[in-house]
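Data block below; observations after.
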Amino acid sequence: MRHIKMEFGALIIGDEILSGKRQDKHFDYLQKTLKKYKLSLSWVKYIQDDSDEIIQSIKESIKSQTIVFCFGGIGATPDDFTRQAAADAFNLQLIRNEEAVKRIEAQFGEGAYPKRVLMADIPNDASLIPNEINKIPGFKIRHHHFLPGFPEMAWPMVEWVLNEYYKDLLNTNDFAEASIWINDVSESQLIDLMNSIVKKYPEIKLFSLPKLRPVKTIELGVKGSAKLVHEAIREIQEKIADLGYQWHK
């Protein structure tokens, strides 16, 4: 796996996210966590609580070199469709996982029945992902990892998945990011400079993020392999100075 470039994606499920009743926190967490391990998040998709849409989104994200974290919808309420949707997307049967039953019974005793035990119904051949908060596990199918929507449960599970299944990927990528801030300048005034950098360093990504307040400023930066990022940002600094603009980190 060390020689295969894997991309990471996230499916975030819930009407409450799309309606604004609850603010999503998974995107920010996942982006920062992957960056900590010199990995990067390639895409995020938000999905409403709709079985057909969840099935289709999972199917579209099944690729041999894509690792997906799916947050939400694995509970036992009528609007939790993810467990069955995952089974349908991978052409598997939803079965009662005996190990999941044991974990739920150990946590809740008689309170596991009749409803909590429904969360032990997961696709056959799926592997369990431990949940240290309430012991109700998530599950893994190939490179797809199905987790609760609650951040306090899901985030430790993300860390467990990364260190259990993808340890060979952690801190191995040659990835760096660098940027500078330029005040009192418009993006249009820097387009020629940006084009020259993109043409000279096609292997890296350039980004430009303007802000209007509290002062007009632009964050101009690059990300990619460390050596090329170092060369490109130094050239950007020199060319900005040549244009007569001041910059700072």
Side-chain angles (χ1 to χ4, degrees), residues 1-12 23-46 61 63 65-69 71 143 145 151 154-156 158-159 161-163 165-249:
M1 186 175 292
R2 183 183 299 275
H3 304 292
I4 299 175
K5 181 174 176 58
M6 304 292 287
E7 73 168 20
F8 288 82
L11 300 175
I12 301 173
Q23 295 299 310
D24 170 55
K25 298 180 181 178
H26 296 303
F27 170 77
D28 186 60
Y29 163 79
L30 197 54
Q31 187 271 333
K32 290 179 179 178
T33 299
L34 291 175
K35 187 175 182 180
K36 177 180 70 174
Y37 291 117
K38 294 186 178 180
L39 301 167
S40 60
L41 185 62
S42 297
W43 55 265
V44 173
K45 183 176 182 180
Y46 293 90
S61 65
K63 300 175 183 177
Q65 297 181 13
T66 301
I67 298 166
V68 179
F69 290 99
F71 300 95
H143 289 308
H145 311 85
W155 296 354
V158 169
E159 287 276 3
V161 166
L162 290 172
N163 285 278
Y165 293 109
Y166 304 107
K167 198 162 189 173
D168 287 347
L169 297 179
L170 307 186
N171 299 309
T172 60
N173 282 351
D174 177 20
F175 179 81
E177 180 178 320
S179 64
I180 61 173
W181 293 88
I182 312 152
N183 291 339
D184 298 320
V185 65
S186 299
E187 281 186 305
S188 61
Q189 295 170 284
L190 302 178
I191 288 177
D192 289 342
L193 184 157
M194 294 182 201
N195 284 333
S196 69
I197 294 297
V198 170
K199 183 176 181 179
K200 186 173 180 179
Y201 302 95
E203 300 90 350
I204 63 176
K205 287 187 176 182
L206 180 143
F207 60 89
S208 174
L209 302 172
K211 293 176 64 176
L212 297 178
R213 297 176 181 176
V215 295
K216 184 178 181 181
T217 184
I218 291 176
E219 182 185 13
L220 183 60
V222 286
K223 52 187 176 182
S225 67
K227 182 177 182 295
L228 292 178
V229 164
H230 176 74
E231 293 176 3
I233 198 65
R234 184 172 58 185
E235 185 167 338
I236 288 173
Q237 292 167 354
E238 293 173 354
K239 289 189 173 183
I240 289 294
D242 291 342
L243 289 172
Y245 302 116
Q246 292 185 340
W247 59 267
H248 61 90
K249 293 185 178 179

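Note that the structure is predicted; figures quoted are calculated from it, not measured.
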List the residues meeting salt bridge (Lys or Arg N to Asp or Glu O under 4.0 Å) with Glu187, not counting sequence neighbours, and say none if there are none. none
Sequence neighbours left out, what passes salt bridge (Lys or Arg N to Asp or Glu O under 4.0 Å) with Lys200? Give chain and number order. Glu235
Ile204 versus Gly224, closest heavy-atom pair with distance: CG2-CA, 4.1 Å
Take atom NZ in Lys227; do more than 12 heavy atoms of anything else shown fall under 6.0 Å from it? no
Around atom NZ of Lys239, are there more than 12 heavy atoms from other residues, nucleotides or ligands closer than 6.0 Å? yes
Heavy-atom closest pair, residues Met6 and Ile67: CE-CG1, 3.6 Å
Closest heavy-atom pair, Ser179 versus Phe207, reported as atoms and distance to 0.1 Å, is CB-CZ, 3.9 Å
Taking all atoms of both residues into account, what is the closest heavy-atom pair of Trp43 and Ser61, and its distance? CH2-CB, 3.7 Å
So which atom in Val44 and which in Ile12 form the shortest heavy-atom distance, rounded to 0.1 Å? CG1-CD1, 3.7 Å
His145 (side chain) donor-acceptor with Val68 (main chain) under 3.5 angstrom: yes
Where do Ile182 and Gln246 come nearest, in terms of heavy atoms and distance? CG2-O, 3.6 Å
By side-chain hydrogen bond (donor to acceptor under 3.5 Å, both in side chains), Lys32 pairs with (sequence neighbours left out) Asp28
Treating Tyr29 as the side-chain partner and Trp155 as the backbone partner, does any N or O pair qualify as donor plus acceptor under 3.5 Å? yes
By side-chain hydrogen bond (donor to acceptor under 3.5 Å, both in side chains), Trp247 pairs with (sequence neighbours left out) none
Partners passing salt bridge (Lys or Arg N to Asp or Glu O under 4.0 Å) against Lys216 (at least two apart in sequence or in another chain): none
With sequence neighbours excluded, residues passing ring pair (Phe, Tyr, Trp, His ring centres under 6.0 Å) with Phe27: none
For Ala226, which residues count as a side-chain contact (heavy atoms from CB on, under 4.5 Å) partner, sequence neighbours excluded? Asp174, Ala176
With Gln189, which residues qualify under side-chain contact (heavy atoms from CB on, under 4.5 Å), at least two apart? Val185, Ser186, Tyr245
Hits for side-chain hydrogen bond (donor to acceptor under 3.5 Å, both in side chains) against Asn183, two or more places apart or cross-chain, chain-then-number order -> Thr217
The side-chain contact (heavy atoms from CB on, under 4.5 Å) partners of Lys35 (sequence neighbours excluded) come to Gln31, Glu177
Counting only heavy atoms not in Lys25 (residues, nucleotides, ligands), do more than 12 fall under 6.0 Å from its NZ? no
Is the closest side-chain heavy-atom distance between His26 and Pro151 below 4.5 Å? yes
Partners meeting salt bridge (Lys or Arg N to Asp or Glu O under 4.0 Å) with Lys167 (sequence neighbours left out): none
Counting C-beta onward and ignoring hydrogens, is there a side-chain heavy-atom pair between Leu11 and Phe71 closer than 4.5 Å? no
What class does the angle between the rings of Phe8 and Tyr166 fall in, given that below 30° is parallel, 30 to 60° is tilted and above 60° is perpendicular? perpendicular
Mark yes or no for whether Asn173, through its side chain, and Phe175, through its backbone, hold a donor-acceptor pair below 3.5 Å. no
Mind checking what makes side-chain hydrogen bond (donor to acceptor under 3.5 Å, both in side chains) contact with Gln237, not counting sequence neighbours? none
